[in-house]
Novice: 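Dropping the structure in here first, questions after.
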Amino acid sequence: MEFTPEQEMLRESVRAFAIQEMPEGFAREWDMKGEPPLDTYQRFADAGFMGVGIPEQYGGQGGGIVEVAIVLHELSRAMMSFAIMVYRSAIHASGGLQIYGTEEQRERFLPGIASGHLKFCFSLSEPDAGSDAFNLKCRAVRDGDEYVVNGTKMWNSFARHADNVLLATRTSDEPRKQDGITFFVVDLSSPGIEITPIETIGERASGTNMVTYTDVRVPAANILGTEGEGHRNLQANLERERFSSLPINLGPMEAILEEAVEYANTREQFGQAIGRFQAIQHMLADVAVDVNIARTLTWDLARRIAAGEPCSLEVSMAKLWISEAMMRASYTGMQVMGGYGYTLDSNMQLHWRNARLGTIGAGSSEIQRNIIARQIGLGGQPS
Ligand SMILES: Cc1cc2nc3c(=O)[nH]c(=O)nc-3n(C[C@H](O)[C@H](O)[C@H](O)COP(=O)(O)OP(=O)(O)OC[C@H]3O[C@@H](n4cnc5c(N)ncnc54)[C@H](O)[C@@H]3O)c2cc1C
């Protein structure tokens, strides 16, 4: 896909930001700390990048899915966790608000997302509702102009640092579990919210958490979308959400290839660079093929979504493919770098740990295969 001059300029300026603000070792340092670089996030927003994808009338820079994908791709080359933090506000929250929020909510939240002063996270999963996400039990009961929320949410990334959560709750029991679900924007400093960190092997900078809600009062004005139709609201933004896994994986895959090729050309064994051994060359040639396919898929789907072409099947296929390609790339990168790739001083081990989440989170590989099987006319799986 050819970028317009404006898109090319955006790409160059985000890349320049990432090179300056996230030098070699930055991603590993924050991963080891298990904390997000919030000052860098604020500088990123101050530079106007959090406003990409938000219309100017709400304090943004304008632009659509292609521009947001450019931002995520360039950030993710430097630090995948940072790109995922940005994604939660730029795609989940900003996308949700723009697609199914009210005008009052857009005016209330979008300027804060653009300025970096409001950071969002997203909470659907529960202890007994993972792949079977719509089996959720977290309950919101109306009480006057408010709802009272009780329940436990699992795996809520970034909850310790975000200001608001997009929270999926059950507001009524219906024959179909997809019905009766309602999304709220919940202020994470509300009384009754307890956040318990969960230690994970990857995506450590944004942090993963269990969050319990005990009699948490949320204004009815914070319902995002239509009461009881959270499932339909979620579907409306799902294509863009799943698509985001493409630029977010493409960046690290390119970084892996560059680093592994450089290492192969400089590391000598048996009197020559290991990159002269055909076994190593073929491994890296396979990664290069995957990177090329990933690039083609990313920008082709970005263009199709921007043009409003229906492509949810292709997006599911691409999410499935790229998360597995990222695992292959990071596995190969570590193999090429030998023992050094296995040390905590190497970027490769971080790519390898982060890659592992791709086939589990946001609809596992098995769930994507179920969706694809259903869409090509095969029945029988639970939905
Ligand atoms: C680090 C991390 C961060 C996360 N961040 C968030 C977040 O911010 N917000 C949020 O809402 N969620 C988040 N999640 C949750 C994530 O989306 C879930 O882990 C995912 O949906 C899988 O659910 P589960 O872990 O309960 O696995 P399960 O659903 O218990 O699945 C276990 C295994 O069974 C397979 N399986 C399940 N059902 C089927 C089926 N029908 N057919 C075939 N195989 C099946 C799965 O593919 C998997 O291999 C995060 C998870 C992790 C690990």
Side-chain angles (χ1 to χ4, degrees), residues 31 34 36 80-93 95-96 119-138 149 151-170 177-178 181-186 188 193 195-213 224 230-231 233-234 237-238 241-242 244-245 248-249 316 319-320 323-324 326-327 350 352-375 378-383:
D31 172 81
M80 191 185 208
S81 252
F82 196 96
I84 293 176
M85 275 180 259
V86 168
Y87 150 82
R88 298 205 187 281
S89 288
I91 294 281
H92 266 137
K119 293 181 278 300
F120 275 75
C121 59
F122 173 80
S123 189
L124 177 65
S125 306
E126 296 185 0
D128 295 324
S131 300
D132 191 7
F134 294 116
N135 190 32
L136 63 89
K137 304 274 187 311
C138 181
V149 178
T152 300
K153 289 289 181 180
M154 276 301 277
W155 312 119
N156 192 172
S157 303
F158 200 41
R160 265 180 303 141
H161 309 283
D163 308 284
N164 290 294
V165 57
L166 285 195
L167 182 72
T169 66
R170 182 159 298 287
K177 64 188 168 193
Q178 294 91 317
I181 291 172
T182 304
F183 274 93
F184 288 87
V185 176
V186 179
L188 278 163
I193 296 181
I195 302 177
T196 310
I198 301 170
E199 287 294 332
T200 58
I201 62 162
E203 281 309 311
R204 293 170 42 79
S206 59
T208 307
N209 309 278
M210 181 172 84
V211 183
T212 54
Y213 294 79
L224 185 60
H231 171 249
N233 296 146
L234 194 66
N237 200 20
L238 200 61
E241 286 170 15
R242 290 225 169 103
S244 301
S245 66
I248 287 173
N249 280 291
S316 273
K319 190 269 175 192
L320 166 65
S323 55
E324 297 189 349
M326 171 65 181
M327 285 215 303
L350 177 57
W352 183 69
R353 287 187 283 117
N354 284 343
R356 202 60 195 84
L357 180 58
T359 63
I360 297 171
S364 67
S365 285
E366 291 72 32
I367 295 301
Q368 299 307 325
R369 286 190 168 89
N370 287 352
I371 293 168
I372 294 162
R374 247 194 321 272
Q375 292 206 32
L378 298 167
Q381 315 94 10
S383 58

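When a ligand or atom number is given, it counts from 1 through the structure's own listing order. The structure displayed is predicted, hence computed values, not measured ones.
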Novice: Pick one of side chain, backbone, both or neither for how R88 approaches ligand 1, counting any non-hydrogen atom pair under 4.0 Å.
Specialist: side chain
Novice: Is there a nitrogen or oxygen of L357 sitting under 3.5 Å from a nitrogen or oxygen of ligand 1?
Specialist: no
Novice: Go through the structure and list residues passing ring pair (Phe, Tyr, Trp, His ring centres under 6.0 Å) with H231, not counting sequence neighbours.
Specialist: F134
Novice: For L124 and K153, which heavy atoms make the closest approach, and how far apart are they?
Specialist: O-NZ, 3.0 Å
Novice: G361 near ligand 1, heavy-atom distance under 4.0 Å?
Specialist: yes
Novice: Indicate yes or no: does an N/O atom of N370 lie under 3.5 Å from an N/O atom of ligand 1?
Specialist: yes
Novice: State plainly whether the residues E203 and R353 are in salt-bridge range, i.e. N to O under 4.0 Å.
Specialist: no
Novice: For ligand 1, note which part of A362 has a heavy atom under 4.0 Å away: side chain, backbone, both or neither.
Specialist: backbone
Novice: At under 4.0 Å between heavy atoms, which part of S364 makes contact with ligand 1: side chain, backbone, both or neither?
Specialist: side chain
Novice: Please test I84 against F158 for side-chain contact (heavy atoms from CB on, under 4.5 Å), starting from the C-alpha separation and ending with a verdict.
Specialist: CA-CA 9 Å; I84 293 176; F158 200 41; over 6 Å; no
Novice: Is there a polar contact between ligand 1 and T200, counting only N or O atoms under 3.5 Å apart?
Specialist: no
Novice: N/O to N/O below 3.5 Å, does that happen between S131 and ligand 1?
Specialist: yes
Novice: Report the C-alpha distance between S81 and D31 in whole Å, list the side-chain angles of each, state the deciding distance to 0.1 Å, and finish with yes or no for side-chain contact (heavy atoms from CB on, under 4.5 Å).
Specialist: CA-CA 8 Å; S81 252; D31 172 81; 6.0 Å; no
Novice: Geometry only, no angles: is L124 polar-contacting ligand 1 at N/O separations under 3.5 Å?
Specialist: yes
Novice: Are any of the N or O atoms of T208 closer than 3.5 Å to those of ligand 1?
Specialist: no
Novice: When you look for heavy atoms under 4.0 Å from ligand 1, do you find them on the side chain of D132, its backbone, both, or neither?
Specialist: neither
Novice: What's the verdict on side-chain contact (heavy atoms from CB on, under 4.5 Å) for V211 and V165, showing C-alpha distance, side-chain angles and the deciding distance?
Specialist: CA-CA 11 Å; V211 183; V165 57; over 6 Å; no
Novice: Are the side chain of T182 and the backbone of G230 linked by a donor-acceptor contact shorter than 3.5 Å?
Specialist: no
Novice: With sequence neighbours excluded, what pairs up with T359 under the side chain to side chain contact (heavy atoms under 4.5 Å, CB included) test?
Specialist: S323, E324, M327, R356, S365
Novice: Give the atoms of ligand 1, by number and element, whose distance to some non-hydrogen atom of E366 is under 4.0 Å.
Specialist: 43 (C), 44 (N), 46 (C), 47 (O), 49 (O)
